[in-house]
*Asks:* 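Starting off with a structure, shown below.
Numbering of ligands and ligand atoms starts at 1, following listing order.
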Amino acid sequence: MLGKLSETLRKITDKVANAIFLDKNLVESIVKELQRAMIEADINISLVGEISQEIRKAAFDERIKGIEKKEHIIKLLHDELLRILGKKKEIHLGKKEIFILVGLYGSGKTTTAGKLAFYYSKRGRKVCCVGLDVHRPAAAEQLKQVCEKINIKCFIESKEKNSLKIWKNFEKEIKQYDLVIVDTAGRDALDDPLIEEIKNLGKAVKPTESFLVIPADIGQAAKKQARAFKEALRISGVIITRMDSSAKGGGALTAAAEAEAQVAFIGTGEKMNELESFDPESFLSRLLGMGDLKALMERIHSVMNEKEAERQKKKLEERKFTLRDLQGQLDSMQEIGSFDKIMLMIPGLGKLQDKIPTNELEGQQERVKRWKHIINSMTEEEIENPDILEKQTSRIQRIAKGSGATSTDVRMLLKQYKMLNEMIKSQAEMQEGKIDQKMIMKMARKFGKKLRF
Ligand SMILES: Nc1nc2c(ncn2[C@@H]2O[C@H](COP(=O)(O)OP(=O)(O)OP(=O)(O)O)[C@@H](O)[C@H]2O)c(=O)[nH]1
Ligand SMILES: [Mg+2]
């Protein structure tokens, strides 16, 4: 369900969280990625535009700096998405509730009637269904079959052609149920006869909730339909079905909420248990792949402290990445506990990460430790200026001895450091537009193969 959007949102929040500083290129690439994924999920283009603008504005707002800025951008993305998902629909269940389901042909009313019955019976309610679709000959039978599967009492009268009469006939019997779910007939379009019939049914049934059932495939047309139905009758909530099978789910969801028709449930499959109550906040958390906003904010803080980020930014601007910087990276990495983060934390190297086979990422923790010991055995001068170590076998031996490593280990570290430095220099040039796309690919291949941690 909305898999691509979810994936992109996760990637983007990670990118923001892990970036040492948010430069123009990074922000633009994030905005582009976000736009593409949102449009693919069929979210309204003007909403996409609004969110992009807000993110750009926040990113380039000079008054907000460092970690605060990262938090600000992620919170903004979160809040904007939440805004377009609308408010949570509260359903309070008393002892005498009647839900009526309306909607166009094939929108999923009958299936959803069964799902709702199942949902509430699992939560301890005494539920029954009433079939009032007298237009389609097989409709009553369909509801009956659905109810049989889930062991729910179903009231139908296949021969009767007047829905009001059916309702009257069962009115007494259904009194013993806490929740009565009423299935109605669909139509090709929202036309006068449908509205008339639903109005009359409304008067007779007196539902406590009237749900409009809309399939996700209609995407942004959900807005128009929700509005039209809302004007015609007192729709108290929307149920969006087929969220599982439509790329337009994001469109239907946001459009319905935009029409101020609160989304109450979403259908996520054909099976009876594939119905979820819709809570915008937790839906969004799931899309973003995190517990809540607070958890994410904590993560941003843990990735790197602000001072360190500033220092590295300055270094990068001077195009100098010393062993001290590498040490800083190694420190932050141990806090996060995952080695591959090093690639993400060095600006521009994130995209090379995929190029390194996973098996080579294993056993790195050990190497990280070794490297840290080696750097700790160096003098200030050596750390700031590792070039002086070149060909100085005695210094290398001293460092090796001091750190319990071998000279080969020390040389290996120096070699890797040199390579990282070279990459970072190219990265800085890339940001100035000196290197084109082809060059990047070439570099990725070259370093992807050579880098060994
Ligand atoms: N994948 C998927 N299919 C669904 C979902 N909800 C309903 N369907 C399918 O959609 C089709 C139509 O569902 P119905 O429940 O018959 O729709 P209806 O609104 O009652 O149709 P009419 O009574 O003809 O107006 C059926 O094949 C259902 O199995 C859902 O959430 N996911
Ligand atoms: Mg039906």
*Asks:* Under 2.8 Å from the Mg ion (ligand 2), which protein N/O/S atoms are there?
*Replies:*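 Result, waters dropped: Thr110 OG1.
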*Asks:* Between Lys248 and Asp217, is the closest basic N to carboxylate O distance under 4.0 Å?
*Replies:*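 Between Lys248 and Asp217 there is no salt bridge, as every charged N stays at least 4.0 Å from the carboxylate O atoms.
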*Asks:* Counting N and O atoms only, with roles assigned by atom type, does the side chain of Lys96 sit under 3.5 Å from a partner on the main chain of Lys175, one being a donor and the other an acceptor?
*Replies:* yes
*Asks:* Protein residues near ligand 1, heavy-atom distance below 4.0 Å?
*Replies:*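 Residue list for ligand 1: Leu104, Tyr105, Gly106, Ser107, Gly108, Lys109, Thr110, Thr111, Lys115, Asp133, Arg136, Gln142, Gly186, Thr241, Arg242, Asp244, Ser245, Gly267, Thr268, Gly269, Glu270.
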*Asks:* Between Phe265 and Tyr119, what is the ring plane arrangement, given parallel below 30°, perpendicular above 60°, and tilted in between?
*Replies:* perpendicular
*Asks:* Ignoring hydrogens and angles, tell me if any N or O in the side chain of Lys230 forms a donor-acceptor pair with the backbone of Ala259 under 3.5 Å.
*Replies:* yes
*Asks:* May I ask you to decide whether Arg83 forms a salt bridge with Asp79, counting only side-chain N to carboxylate O separations under 4.0 Å?
*Replies:* no
*Asks:* Measuring from atom CD of Glu270 to atom OG1 of Thr241, what distance do you get when rounded to the nearest 0.5 angstrom?
*Replies:*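 Rounded to the nearest 0.5 Å, the CD-OG1 separation comes to 10.5 Å.
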*Asks:* Donor-acceptor pair, distance only, cut-off 3.5 Å: does the side chain of Lys89 make one with the backbone of Ser236?
*Replies:* yes
*Asks:* Should the pair Arg227-Glu260 be classified as a salt bridge under the 4.0 Å nitrogen-to-oxygen rule?
*Replies:*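 Here Arg227 does not pair with Glu260 in a salt bridge, since their nearest N and O are not under 4.0 Å apart.
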*Asks:* Taking the side chain as everything from C-beta on, heavy atoms only, tell me whether Leu93 gets closer than 4.5 Å to Phe99.
*Replies:*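 SC-SC contact between Leu93 and Phe99 confirmed.
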